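Reading through the structure tokens given below for one structure.
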Amino acid sequence: MKPKAYSYVRMSTDVQLKGDSLRRQTEESKRYCDENGLELVEDFKLQDIGISAYHGKNVAQGALGRFLALAQDGSIPKGSFLIVESLDRISREKPETATALFLQILQSGIHIVTLTDRHVYKSGSGNFTDIIVSVVIMARAYEESQTKSLRVGAAWENKRKNIHEKKLTQVAPAWLRLSEDRKAYDVIPERLAVLQAIFNHADNGKGSYQIARKLNLDSVPTFAPSQGWHESYVSKLLTNRAVLGEFQPHRYIEAKRTQAGDPIADYFPAVISRDQFERIQAGRAVRRNRGSGRKGRNNINLFSGVATCGYCNGKTMIVDKGAGPKGGIYIRCDNARRGNECWAGLWPLKHLETAFLFFVKELDLKSLIVDSSAKDARLLAEGQVAAISNELVTKKKMRDGAFELLSDDSIGSDYIKVRIADLSGEIQRLEIELAELNTRAKRELASQADSDLDDQILIDAISAGPKDNLDSRIAVADWIRRNVQQMKIYPDGRDGPQREIDRMKVSLDPEVAQLLNASISYAKRHDALIDGSHRHFSVAFEGHRFRAVEVDRDDPTKHIVMTFADDDTWGTDRAS
């Protein structure tokens, strides 16, 4: 039988694959085997593409390491041949490390063939000349790699130092082009208009899918050859910090695009305000956590991902019973719909929407859907809150990381303590600034409450839900998702559905059931207005703020009782 031969190919980057190197090495290996009576094993893929030998990853994690392990346990027969283009394909590490690997392969009973000179390094031959030659070759390879690394790093740093005199690369975001003198980027007006429209849509609560669909329906030209706009591309635009003027340099390390240093500010012309950008990121984060509702529907669910059943804490859903006397659109507990240990009734969707929009004063409809100075002020405040909140999270993570370093004896604790103190001061400053912004927003909301515009007109328009009010409903739904931490609905009143109460009483200990009946009777005797059967919902916001409302079954703008808390202020308002 012919001795087996294995062709090992290593390329530090996949750029080489675009050339002729892989084909050439493969054909050279076949030719060598044919000329020397070897059987080339072709079903064993011995390739490390994009893996560097300078750091030894081709042995620690790559195909060469697996090959060596198989040779050492006898899976690859002794006397087999490892064919490489040159010894520097095996290793570019320090000479002592590279030589040890070279000898380890030979000691495993494997001969090494280098195609460049067709030299065979025989296993077990004890040829000291071969060993000396291998050390010289691999030492030179290590020096070349080290020199290249230093030169590339120095060239990169030099480019960064002169970045405002000459741009690093002509590659630019899709809405910019490099000027002829390579000193600046020029805006492409028609693309900038599209980009800003995309951000404005997102700022109004639309998701990437809805934005992409609108661009396609409006036949807006794409930024690159493509079959229309895609949700993924819109998402990339909305999260690209280049719109703020930032540039994040990258380098290819181990064939992977890796961030090189901190982002460079003011590298590109800023085309989107930081307030708008941060506001959009905050909204996208909420939609990722809570969901954005069914895509493409005409009647947006204002409470999607927010409202839950007050009786069983189950998810709620929209139920369309069609036309007719018993028809209509309702919101209902999904557990109750499926008969899963809940008997909650249905709540007409328009009734709940009207009650929510009418009584939840934290939601300022005028500044949300009407173009006005109030809307501009709200958007500015939300952007500032989002930016500060994001910075707060970053600073707190940095402080937590500094605390962890205190346990490392190799790092001076005095420096870390100073850093922790600095970060704590910055965090306190940001928290004060955030509290002031929230206080200012509350004052502005209170001042808008007495404006001449009738809220009922806006509510009627929003809760009607036809196609032409889709944008307004999206904006309201987005506000609810971003601002409401928890919403509970009780379609059958706080006492719950009678069937559920009766079932619960049967399962209770008789004495406990007696106490329950007594407490319900006591509550009804001492507050005749509240019999527990009125529809009820509660909404919780940040900062211990909440609002709970019992609503008249016939008139959603009439409340039976409303309880609210704003920080340290509590109140109860009963209808007369």
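Everything quoted here is computed from the prediction, not taken from an experiment.
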Apply side-chain hydrogen bond (donor to acceptor under 3.5 Å, both in side chains) to Thr97 and list each qualifying residue two or more places apart in sequence or on a separate chain. none
Nearest-0.5 Å distance, NZ of residue Lys206 to CD1 of residue Ile211: 7.5 Å
Under the side-chain hydrogen bond (donor to acceptor under 3.5 Å, both in side chains) test, which residues partner Thr394, sequence neighbours left out? none
Within the side chain of Asn216, is there an N or O that forms a donor-acceptor pair under 3.5 Å with the backbone of Trp229? yes
d(Thr222 OG1, Leu215 CG) to nearest 0.5 Å is 10.0 Å
Which residues satisfy the side-chain contact (heavy atoms from CB on, under 4.5 Å) test with Asn390, sequence neighbours excluded? Glu278
Can you tell me if Asn200 uses its side chain to pair, donor with acceptor, with the backbone of Gln196 under 3.5 Å? yes
To check you understand the geometry: which heavy-atom pair defines the closest contact between Leu238 and Ser208, and what is its length? CD1-OG, 3.9 Å
Considering non-hydrogen atoms only, spot the tightest contact between Thr316 and Ala307 and give its length. OG1-O, 2.9 Å
Would a 4.5 Å heavy-atom cut-off, applied to side chains only, mark Phe356 and Leu302 as touching? no
Set out, in order, the CA-CA distance, both residues' side-chain angles and the distance that settles side-chain contact (heavy atoms from CB on, under 4.5 Å) for Glu353 and Val476, then state yes or no. CA-CA 11 Å; Glu353 287 181 355; Val476 172; over 6 Å; no
Distance in Å, Leu423 CG paired with Phe403 CZ, rounded so as to fall on 0.5 Å steps: 9.0 Å
What is the distance from atom CD of Glu180 to atom CG of Asp186, rounded to the nearest 0.5 Å? 9.0 Å
Distance from Glu426 atom CD to Glu433 atom CD, nearest 0.5 Å? 12.0 Å
Would you find more than 12 non-hydrogen atoms of other residues, nucleotides or ligands less than 6.0 Å from Lys214 atom NZ? no
Measuring only between side-chain heavy atoms, which start at C-beta, is Thr308 closer than 4.5 Å to Met487? no
Using a 3.5 Å distance criterion without hydrogens, assess whether the side chain of Gln210 forms a donor-acceptor pair with backbone atoms of Gly207. yes
Partners of Arg241 by side-chain hydrogen bond (donor to acceptor under 3.5 Å, both in side chains), sequence neighbours excluded? Glu246
Correct closest heavy-atom pair for Trp175 and Leu192 would be CB-N, 4.4 Å
Side chains of Val194 and Glu190: closer than 4.5 Å at any heavy-atom pair? no
Looking at Val220, is its backbone amide N or carbonyl O close enough to the side chain of Asp218 to form a donor-acceptor pair, meaning the two atoms are under 3.5 Å apart? no
Residues Asp275 and Arg279 bridged, charged N to O under 4.0 Å: no
Note: Ala63 and Leu46 closest approach over all heavy atoms is O-CD1, 3.6 Å
Do the side chain of Arg547 and the main chain of Val539 share a donor and acceptor less than 3.5 angstrom apart? no
Considering all heavy atoms, the nearest Leu64-Ile90 contact: CD2-O, 3.8 Å
For Gly283, is there any backbone N or O sitting under 3.5 Å from a side-chain donor or acceptor partner on Arg482? no
Please report the closest heavy-atom contact between Val484 and Phe541, naming both atoms and the distance. CG2-CE2, 3.9 Å
Answer whether the closest heavy-atom distance between the side chains of Val187 and Leu176 falls below 4.5 Å. yes
Phe303 vs Ile489 side-chain heavy atoms within contact, under 4.5 Å: no
Hey, can you tell me if Tyr185 and Tyr267 have their rings parallel, tilted or perpendicular (30° and 60° cut-offs)? tilted
Does the ring center of Phe537 lie less than 6.0 Å from the ring center of Phe359? no
How about Lys395 and Leu430: do any of their side-chain heavy atoms sit closer than 4.5 Å? yes
Just by distance, do the side chain of Lys361 and the backbone of Phe358 share a donor-acceptor pair under 3.5 Å? yes
Checking Arg191 now: which residues fulfil side-chain hydrogen bond (donor to acceptor under 3.5 Å, both in side chains) with it, not counting sequence neighbours? none
How many angstroms lie between atom CG of Leu363 and atom CG of Leu357, to the nearest 0.5 angstrom? 6.0 Å
Report the residues that fulfil salt bridge (Lys or Arg N to Asp or Glu O under 4.0 Å) with Lys315, sequence neighbours left out, ordered by chain and then residue number. none
